[in-house]
Every structure is written in structure tokens, then in C-alpha cells.
Amino acid sequence: MSQAYFKTTKQLAELGVSNIPDEMKSSEHLIYSSPATLSFNSPGAKGFGVKRAGLAVPDSVMLLVSPGCCGRNTSLFRAEPQYRDRFFFQLLDDTDIVTGRHLTKIPQAVEEMLSVLETTPSAVMICITCVDALLGTDMERVCRKVTEKTGIPAVACYMYALTREKRLPPMGAVRTSVYSLLEKREKRNPVDMNIMGYFTPIFDSSELYPLLKSVGIKNIRELSRCKNFEEYKELSKANFNLVLNIEARAAAQDMQERLGIPFIEMLRLYRPDKIRNQYRLLGQALGVSFDDAQYFEATRKHIDDFKNKYGNVTFAVGEIQKGDPVEMALMLVEEGFKVKEIFATLGELNFKFMKRLAELSPDTKVYSNMSPTMLSYEEEKVDIYIGADCDYYHPDTPGIEWCDDEEPFGYDGVNKLFERLDKALS
């Protein structure tokens, strides 16, 4: 292979979303987990992989049922104080994998696990891997047996890399799992809501909170802010859910069907005018009007101050970060900056930004991190990067990873982005 495969934004826009090249589809070739993405794509992924996400239920514990090769990565999390007594392992040998006999041992393994705990957990999350996907294991049945034997709710979490291209990929499925313990409750207060989508809270400084409060929302709940299981159960009191990540859509649909809680979706965007339009549309859905002028103007000033200070800098934009790389690149280009390259996984959701990006920056190169051809990537000259993957491709260039645990959103997210960029350049 002579060079890393890429297409320009112009070429991609001309091809259209139905003709994305196979080289850019991870389902059409071997997946190359480069050093740029390995720690985020591997079973021991940084951030929130299925295992860490499954423990978002307060006071829960997890039994990981897997071969040793999958389980050993979890030891990284067990070293962290908040997870030290929450992960347990049931390792599979060759006979287990061939015969499926390990399934009969799971209830006993859970009993042994409970016997060493000082307090009774709220739930047992049983995490299984591709082994049971291939075996066709009925985990709902296994979980019922665990609950019958122990009296503690058991919920399945599916760490199935095989389903990452399916309708409900692993991170969508685990979001459904962590909300599945909620039970229908009477809604006494007409101004309660949940924010769904992330496993860590939005920055406290986000304008989303005061804007919602300003129109009469009394209680704004987030799974990540629940300190115990009692607070978790309060999530079922919501009159509606605000979904900020498309991976939470299936969970919201399940809550709508089971608990009668409707939902509204918003996207994490970085273009100020589009953020403003989303708040307008949210207001229409709620029958209210949001006064976000002060936040919009402050964000415009933030961006203008950065432009005046640094001029027309050139960016590389990666996908291991708190945003969509194509939408973020479009924001930068619309603001007058240059984007030389983007590392992205393309799909219907972000391809809708491609046509406008191609009009403004037709020569921007788009690479796929998971293409084996990235072995031949040659560094492009840029002034600054955004994304942890770009840190690998541009080791001597200033930049920001932009993938901390706290979640940026709205105008506040844009402000913090440019604050970090300013700090990196200065």
C-alpha cells in the first residue's frame, strides 16, 4: 500500500451517502486498530466502554463472563478506587466455550460474589462477550434465574463487537440496559425531566440548565448525577426525556413504551447559529420560548476573540473527541479557519454536513482511522489539532484531545473548546 486512503470532501459529496467507498466502511474490510484509536476501540477502552457504562446504575456490581483475553483488560478499571469492589470475573475455558456449560454456573458465581460483599448491591450487571453472541445465549433467561436465586435484579450487558454495525450497537444496547430497572411511577410534578445520552454529567456551567429552569422546569435529573439507587428510581418520575446522544434513542423509546415518558432529541453541535435554532425548536416542542441571546452573543465574541488573536490557523480534526468531526470541521471552516484533514467514521447522521463542507473546503481530506491503509499515513502540516487520535498523527503539533469525562454541550461547549485551543496555542 503506497499511501493512506482518503477522499476529499468534494469527492465524497459527489458520491453521496449511499455510495460511501468500501474503504471507509469498517464492515467491509479488516479493522485496523491503530495506536491512534486502540485504547478507545479495544475491550479495555478509555472513556465509557460497555463494562464501565454498565456500572452507571448506582450501587450495582458487574460479573464479567468471558475468556481471559477479554477479562484481563478490566483490571485497568479495578485499579480505580470507585470500581475496585464492583468488578468480578467468571473466566471461561475451552470446554465452556464449546459446550456453553458456563451458563449453568452463572447463578452460583453471582452467589459467591455476593457473599464477599459488605453491602447488598442494587443490581447485578452480567456482562457477556462475543462468545455468547456466537452461541446464541438467551441472557434474559439466565438473568431471571439469577434473580430467582439471589433476589437481586440481574441485567444483561452485551459487549458484542460483532454488532457494532447493526441497528443496536453495543453502546446503544447498554444504555437500554442501565435504564431497564426503572419502574413506572405516578408523575405528580408536571415539570420534571431527565437528560439522557451520556454517562457523565454535562458541565455545570452549561447554559442548558438555566435555560430549562427559566421556563419552569423544576427537577432536571441525569443518571450520572444519581448518588444512590433511590435517586436512580426518581428518573421514572420524569414527564419527558431530553436525549442528547443518538445512542440513547433506543433507551428513550423503551422508556416511552414501558413508562409512558415521551422524549425529545437534540444534537451536540458546535455551530452557534445551529445551536440557537435547536433551542428554538426545543421551545416549540415544549410550548415555550428560550431567551438565549446573551449566550449566543457571548459565544460569538469568544470565537471572534480567538480569530483576532491567532488569525487563519489550520486544523486537523479527529473523531476521538466530544463532538462529530465533520460537523466540527464545518464550524471551523464557516468561521474562516482552514481544515486540512478529518479522521472520521461516516454515516447518515454526519454525512448531511458534507455537502456544505465540500462547498466551502473542497480539498479537505477525509481519512478512516480503521482502514489498514493508515499504516502508510504521512503527516500533514497543520497548526493545531482536535481529538485524541490526532495526537498520534501529529505528535509535535499543539492540540487538544477534547475527550475528558465531563460533557460539553451547547454554547458552553463551544466556549470551552476555544478556551482549550487558546491555551494549547499560547
Side-chain angles (χ1 to χ4, degrees), residues 1-29 32 34 36-37 246 267-275 277 303 306-307 310-394 397 399-400 402 414 417-418 421:
M1 59 186 73
S2 58
Q3 66 174 14
Y5 183 88
F6 70 87
K7 286 289 186 184
T8 65
T9 54
K10 182 175 185 292
Q11 290 170 325
L12 287 167
E14 289 173 347
L15 287 169
V17 66
S18 59
N19 294 303
I20 295 173
D22 287 348
E23 291 86 350
M24 294 185 151
K25 298 177 183 177
S26 60
S27 59
E28 299 297 326
H29 56 73
Y32 168 56
S34 75
T37 61
I246 193 171
L267 293 175
R268 173 157 50 199
L269 301 173
Y270 285 88
R271 290 180 291 164
D273 59 327
K274 300 303 180 184
I275 295 171
N277 188 52
I303 298 172
F306 182 90
K307 285 193 288 187
Y310 295 106
N312 193 7
V313 295
T314 301
F315 285 83
V317 180
E319 65 180 333
I320 308 298
Q321 48 112 332
K322 300 290 189 178
D324 180 271
V326 183
E327 193 271 338
M328 184 175 285
L330 177 55
M331 178 274 289
L332 293 168
V333 170
E334 286 181 337
E335 294 297 342
F337 302 107
K338 294 179 181 177
V339 176
K340 183 167 283 189
E341 58 185 11
I342 304 169
F343 303 93
T345 300
L346 300 178
E348 289 185 20
L349 187 62
N350 62 8
F351 205 90
K352 63 184 180 181
F353 307 119
M354 190 65 69
K355 183 177 180 181
R356 175 63 176 161
L357 183 58
E359 292 173 357
L360 299 176
S361 185
D363 297 325
T364 296
K365 296 177 180 179
V366 182
Y367 295 91
S368 169
N369 267 318
M370 291 186 285
S371 168
T373 66
M374 290 303 287
L375 284 163
S376 302
Y377 172 81
E378 295 183 3
E379 184 178 357
E380 301 269 2
K381 175 61 178 174
V382 297
D383 297 315
I384 191 167
Y385 65 78
I386 301 172
D389 45 341
C390 290
D391 186 27
Y392 172 75
Y393 298 121
H394 299 280
T397 302
I400 61 172
W402 196 235
V414 182
L417 174 70
F418 280 95
L421 292 170

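The figures that follow rest on heavy atoms only: side chains count, while hydrogens, waters and symmetry mates do not. The structure presented is a predicted model; accordingly, all values stated were derived computationally and were not measured.
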Participant: Of all the heavy-atom pairs spanning Gly318 and Cys390, show the shortest one and how long it is.
Facilitator: N-SG, 3.3 Å
Participant: Please lay out, stage by stage, how Phe337 and Phe306 fare under the test ring-ring contact (aromatic ring centres under 6.0 Å, His included).
Facilitator: CA-CA 11 Å; Phe337 302 107; Phe306 182 90; 5.7 Å; yes
Participant: Could you check whether any side-chain heavy atom of Leu357 comes within less than 4.5 Å of a side-chain heavy atom of Ile342, counting everything from C-beta outward?
Facilitator: yes
Participant: Verify the neighbour count for atom NZ of Lys307: are there more than 12 heavy atoms of other residues, nucleotides or ligands below 6.0 Å?
Facilitator: yes
Participant: Quick one, Thr9 with Leu360, criterion side chain to side chain contact (heavy atoms under 4.5 Å, CB included). Give me CA distance, side-chain angles, the key distance, then yes/no.
Facilitator: CA-CA 10 Å; Thr9 54; Leu360 299 176; over 6 Å; no
Participant: Is there a side-chain contact between Ile275 and Val414 (heavy atoms, below 4.5 Å)?
Facilitator: yes
Participant: Does the side chain of Ile303 come within less than 4.5 Å of Phe418's, by heavy atoms?
Facilitator: yes
Participant: Assess whether a salt bridge exists between Glu359 and Lys355, defined as any Lys/Arg side-chain N lying under 4.0 Å from an Asp/Glu carboxylate O.
Facilitator: no
Participant: Thr345 and Glu319: side-chain donor and acceptor closer than 3.5 Å?
Facilitator: yes
Participant: Between Glu341 and Glu380, which heavy-atom pair has the shortest distance, and what is it?
Facilitator: OE1-CG, 3.0 Å
Participant: Is a side-chain donor or acceptor of Lys340 paired with a backbone partner of Lys381 at a separation under 3.5 angstrom?
Facilitator: yes
Participant: Which value, rounded to the nearest 0.5 Å, describes the distance between Leu421 atom CG and Ile384 atom CD1?
Facilitator: 4.5 Å
Participant: Using the ring of each side chain (for Trp, its six-membered ring), is Tyr367 parallel, tilted or perpendicular to Phe343, with breaks at 30° and 60°?
Facilitator: parallel
Participant: Compare every heavy atom of Pro21 with every heavy atom of Tyr5, then report the nearest pair and how far apart it is.
Facilitator: OH-CB, 3.4 Å
Participant: Test Met331 against Leu417 for side chain to side chain contact (heavy atoms under 4.5 Å, CB included), laying out the working first.
Facilitator: CA-CA 12 Å; Met331 178 274 289; Leu417 174 70; 3.8 Å; yes
Participant: Check Arg356 with Glu334, please: is the shortest side-chain N to carboxylate O separation under 4.0 Å?
Facilitator: yes
Participant: Sub-3.5 Å donor-acceptor pair from the side chain of Glu327 to the main-chain atoms of Tyr270, do we have one?
Facilitator: yes
Participant: Please check: side-chain N/O of Asp389 versus main-chain N/O of Gln321, any donor-acceptor pairing under 3.5 Å?
Facilitator: no
Participant: Do you know which two heavy atoms are closest between Leu269 and Phe353, and how far apart they sit?
Facilitator: CD2-CZ, 4.3 Å
Participant: Can any side-chain N or O of Asp391 pair as donor or acceptor with the backbone N or O of Ala388 at less than 3.5 Å?
Facilitator: no
Participant: Could you grab the distance from atom CG of Asn369 to atom CE of Met24, nearest 0.5 Å is fine?
Facilitator: 10.5 Å
Participant: What distance do Leu15 atom CG and Ile20 atom CD1 have between them, rounded to the nearest 0.5 Å?
Facilitator: 9.0 Å
Participant: Any side-chain heavy atom of Thr364 sitting closer than 4.5 Å to one from Phe315?
Facilitator: no
Participant: Please report the interatomic distance CD(Gln11) to NZ(Lys365), rounded to the nearest 0.5 Å.
Facilitator: 10.5 Å
Participant: Apply side chain to side chain contact (heavy atoms under 4.5 Å, CB included) to Asn312 and Lys338, showing your working.
Facilitator: CA-CA 7 Å; Asn312 193 7; Lys338 294 179 181 177; 3.5 Å; yes
Participant: Measuring from Leu267:CG to Asp324:CG, what's the distance to the nearest 0.5 Å?
Facilitator: 9.0 Å
Participant: For the atom pair OH (Tyr385) and NE2 (His394), what is the distance rounded to the nearest 0.5 Å?
Facilitator: 9.5 Å
